[in-house]
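Predicted model only: the values in this text are computed from it and were never measured.
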Amino acid sequence: MKKGDIFEGKVIRIEFPNKGIIDIEGQKVIVKNALEGQIVRFSINKKKRDKIEGRLLEVIEPSPIEQPAACKHFGICGGCRYQNLSYEQQLDLKKRQVEELIEKNGLSFDIENIYGSPITEGYRNKMEFTFGDEEKDGPLALGMHKKNSFYDIVTLDDCRIVDPDFNVLLQAILKYFKEKGETYFHKIRHEGFLRHLVMRRSVKTGDILINLVTTTQSQLDESEFVNMILAQKIDGKVVGILHTLNDNLADVVQSDETKTLYGQDYFYEYLYNMRFKISPFSFFQTNTLGAEVLYDKVREYVGETKDKLIYDLYTGTGTIAQMLASVASKVVGVEIVEEAVEAAKKNAVDNHLDNCEFIAGDVLKVVDNLTKKPDILVLDPPRDGIHPKALTKIINFNVDEMVYVSCKPTSLMRDLLVFREAGYEVKRCCLVDMFPGTVHVETVVLLSQQKPDDTIEIDLDLDELDATSAELKATYQEIKDYVLKEFGLKVSSLYISQVKRKCGIEVGENYNLPKSENARVPQCPKEKEDAIKAALKYYAMI
């Protein structure tokens, strides 16, 4: 088997997020975008010692579980991958994929349930469309990138995951610029005018915000553009039309300058009888109704909050913080995007919440100044998870419980391994499907710090107690406190038990042993081992 070879095979399973697994001559080959049960033709495009990848060329036989996709762009557009499955099958597949990741990472906890989105079509309240062409030097296109393509664009006139109003407006705007003969911004030559079209819509009110993103290489007839949009027949209401100028070479939506051509540069969305102001670049969950399901689970996992101090790290526009503030003593939100923090502050005032504090800055740096210990932490980081150094600082808060909301299960698993080493275990876990038809899924976990040294008072006859004198001299917590005070190091009960065994001190037969034979157990670093031995000597245990 070598690069360029073409094979046929049956997809035996799908690994997260969309990796079809095929067995060829006893070797595992990964073919993305294939579906379990399909017989496919593919070519080998990557071959390493421990990994072989193939590129899907053709589906020879469909999967028995496939059904016709509702969207006519399915298979060409790169936006959705699971529209050819029933929604029940999509949920089952996502749940199974996360369960496999849990097992693969040597973790052991159950997923309570996967909760579906209240609606499976037209659920997105925001969409970023891109100007380009469907093929080299072809006519102007406006839509999503073709599957597996960085350059080619598929014009969408019937996208099923956005409100129908978006499709009407997209077609009108594309027709307008085609008639004007305007060009798109070419990523290689860095020439052209049109870059992106961003549309946002309030699910609760129907208000729509339109933001055209261009370079400064041409001029927009602003009044004509506005009149054309306002003339479209849609169910919602356009409350703002914006023009963002962006000459940056990177293919991202950002603003050198944003002008309001019509109306206002914001609208309001409503969650839990609270009002949130959404501006062009505000972060807000893109599935409003799904967000209510997600936040219901967060609130359930947080539990009793009366008289408690909560830190909401990676707070965005403060949605979770404000949801919890009405039943907490105080909530402190931290977010790196300054505009989002300003929006969070204004939203808190609008919602009459005076116990919310929002801080702009990187969590990695801000947590150093949060000296008061919170009662509970809420974590909702970006897709790549928590920065390793920030993770250490978060653990040092030493809270009893945390709620972690993750939009990327692989990043979550990596962070959970670190939390486990620090003495936390997953107490509860569920999934929420915010993006039907796609490979994405949200995970909510409740992490609880394990305290094997918690005690209750009982009467014991010491003559009948089978324990060494060394075991009775200091508790695990006393050893932890000594190491932290003298060496500034946090050590887990697992590390202490490992060092005790090395020193010949008996510990419970099953104490802190792995739950399965192949589980990966972290080993105590030399620096921490020396510190624990010093504590054992201090308490005359060795």
Exercise. Before giving the answer on side chain to side chain donor-acceptor pair (under 3.5 Å), spell out for N167 and D157 the whole-Å C-alpha distance, their side-chain angles and the decisive distance to 0.1 Å.
Key: CA-CA 5 Å; N167 291 316; D157 57 16; over 6 Å; no

Rounded distance (nearest 0.5 Å) linking atom [atom1] of [X] with atom [atom2] of [Y]:
{"X": "Q67", "Y": "Q89", "atom1": "CD", "atom2": "CD", "answer": "6.5 Å"}
{"X": "S255", "Y": "F281", "atom1": "OG", "atom2": "CZ", "answer": "4.5 Å"}
{"X": "M434", "Y": "R124", "atom1": "CE", "atom2": "CZ", "answer": "10.0 Å"}
{"X": "N125", "Y": "N287", "atom1": "CG", "atom2": "CG", "answer": "7.5 Å"}
{"X": "T155", "Y": "L140", "atom1": "OG1", "atom2": "CG", "answer": "7.5 Å"}
{"X": "E8", "Y": "I39", "atom1": "CD", "atom2": "CD1", "answer": "8.5 Å"}

Write down the atom of [X], the atom of [Y], and the distance for their closest heavy-atom approach.
{"X": "T205", "Y": "Y268", "result": "OG1-O, 4.0 Å"}
{"X": "I386", "Y": "A390", "result": "CG2-CB, 4.0 Å"}
{"X": "F7", "Y": "E25", "result": "CE2-OE2, 4.0 Å"}
{"X": "T443", "Y": "C429", "result": "CG2-SG, 3.8 Å"}
{"X": "I102", "Y": "S108", "result": "CG2-N, 4.3 Å"}
{"X": "N45", "Y": "K3", "result": "O-CE, 3.1 Å"}

Practice problem: Determine, stepwise, if the pair T260 / D265 fulfils side chain to side chain donor-acceptor pair (under 3.5 Å). | Solution: CA-CA 6 Å; T260 302; D265 64 352; 4.6 Å; no

Give a yes or no on whether the backbone of [Y] and the side-chain of [X] come within a donor-acceptor separation of less than 3.5 Å.
{"X": "K204", "Y": "Y270", "answer": "yes"}
{"X": "Y295", "Y": "M323", "answer": "no"}
{"X": "D380", "Y": "D312", "answer": "no"}
{"X": "D207", "Y": "S202", "answer": "no"}
{"X": "K94", "Y": "H440", "answer": "yes"}
{"X": "Q232", "Y": "I173", "answer": "no"}
{"X": "T183", "Y": "G192", "answer": "no"}
{"X": "Y115", "Y": "C430", "answer": "no"}
{"X": "H196", "Y": "V198", "answer": "no"}
{"X": "D247", "Y": "D256", "answer": "no"}

Flag the pair [X] / [Y] as yes when at least one side-chain heavy-atom distance between them is below 4.5 Å, and no otherwise.
{"X": "L417", "Y": "N105", "result": "yes"}
{"X": "Y151", "Y": "K187", "result": "yes"}
{"X": "I278", "Y": "L209", "result": "no"}
{"X": "R160", "Y": "T120", "result": "no"}
{"X": "F42", "Y": "I22", "result": "yes"}
{"X": "F419", "Y": "L391", "result": "yes"}
{"X": "V253", "Y": "T244", "result": "no"}
{"X": "L447", "Y": "V426", "result": "yes"}

Around [X], counting heavy atoms of other residues, nucleotides and ligands shown, do more than 12 lie under 6.0 Å from its [atom1]?
{"X": "K175", "atom1": "NZ", "value": "no"}
{"X": "E58", "atom1": "CD", "value": "yes"}
{"X": "K10", "atom1": "NZ", "value": "no"}
{"X": "Q27", "atom1": "CD", "value": "yes"}
{"X": "K47", "atom1": "NZ", "value": "yes"}
{"X": "R55", "atom1": "CZ", "value": "no"}
{"X": "E103", "atom1": "CD", "value": "no"}

Can [X] and [Y] be counted as an ion pair, charged N to O under 4.0 angstrom?
{"X": "R13", "Y": "E36", "value": "no"}
{"X": "E257", "Y": "K259", "value": "no"}
{"X": "K345", "Y": "E342", "value": "yes"}
{"X": "D5", "Y": "K2", "value": "yes"}

Quiz item: For D163, which of R200, R201, K126 qualifies under salt bridge (charged side-chain N to carboxylate O under 4.0 Å, His left out)?
Solution: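 Of the listed residues R200, R201, K126, the salt bridge (charged side-chain N to carboxylate O under 4.0 Å, His left out) partner of D163 is R201.
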
Quiz item: What is the ring orientation for H145 with F150, classed by angle as parallel under 30°, tilted 30 to 60°, or perpendicular over 60°?
Solution: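 Answer is parallel, since the angle falls under 30°.
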
Practice problem: Report the relative orientation of the aromatic rings in F284 and F276; use parallel for angles under 30°, tilted for 30 to 60°, perpendicular for over 60°. | Solution: tilted

Practice problem: Report the C-alpha distance between Q285 and T319 in whole Å, list the side-chain angles of each, state the deciding distance to 0.1 Å, and finish with yes or no for side chain to side chain contact (heavy atoms under 4.5 Å, CB included). | Solution: CA-CA 9 Å; Q285 289 285 358; T319 315; over 6 Å; no

Exercise. Step by step, work out the salt bridge (Lys or Arg N to Asp or Glu O under 4.0 Å) result for K297 and E442.
Key: CA-CA 11 Å; K297 301 311 297 182; E442 298 271 341; over 6 Å; no

Practice problem: Answer yes if the side chains of N347 and T317 hold a donor-acceptor pair under 3.5 Å, and no otherwise. | Solution: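 No - no donor-acceptor pair under 3.5 Å links their side chains.
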
Quiz item: Among side-chain atoms of E182 and S218, is any donor-acceptor pair under 3.5 angstrom?
Solution: yes

Quiz item: Is it the case that K277 places NZ or CZ above or below the six-membered ring of Y266, under 6.0 angstrom from the centre and within 45 degrees of the axis?
Solution: yes

Practice problem: Give the C-alpha distance, both sets of side-chain angles, the deciding distance and a yes or no for side chain to side chain donor-acceptor pair (under 3.5 Å) between T288 and E269. | Solution: CA-CA 8 Å; T288 303; E269 187 60 285; 3.2 Å; yes

Quiz item: Looking at residues at least two apart in the chain, or sitting in another chain, which of them share a side chain to side chain donor-acceptor pair (under 3.5 Å) with K180?
Solution: E224

Practice problem: Could you walk me through whether S63 and E66 pass side chain to side chain donor-acceptor pair (under 3.5 Å), step by step? | Solution: CA-CA 5 Å; S63 168; E66 272 188 86; 5.1 Å; no

Quiz prompt | Positive for side chain to side chain contact (heavy atoms under 4.5 Å, CB included) with M402, one of V378, V445, L379 | solution = L379

Quiz prompt | Chi angles and distances behind the ring-ring contact (aromatic ring centres under 6.0 Å, His included) call for F177, F225 | solution = CA-CA 9 Å; F177 284 117; F225 180 68; 5.7 Å; yes

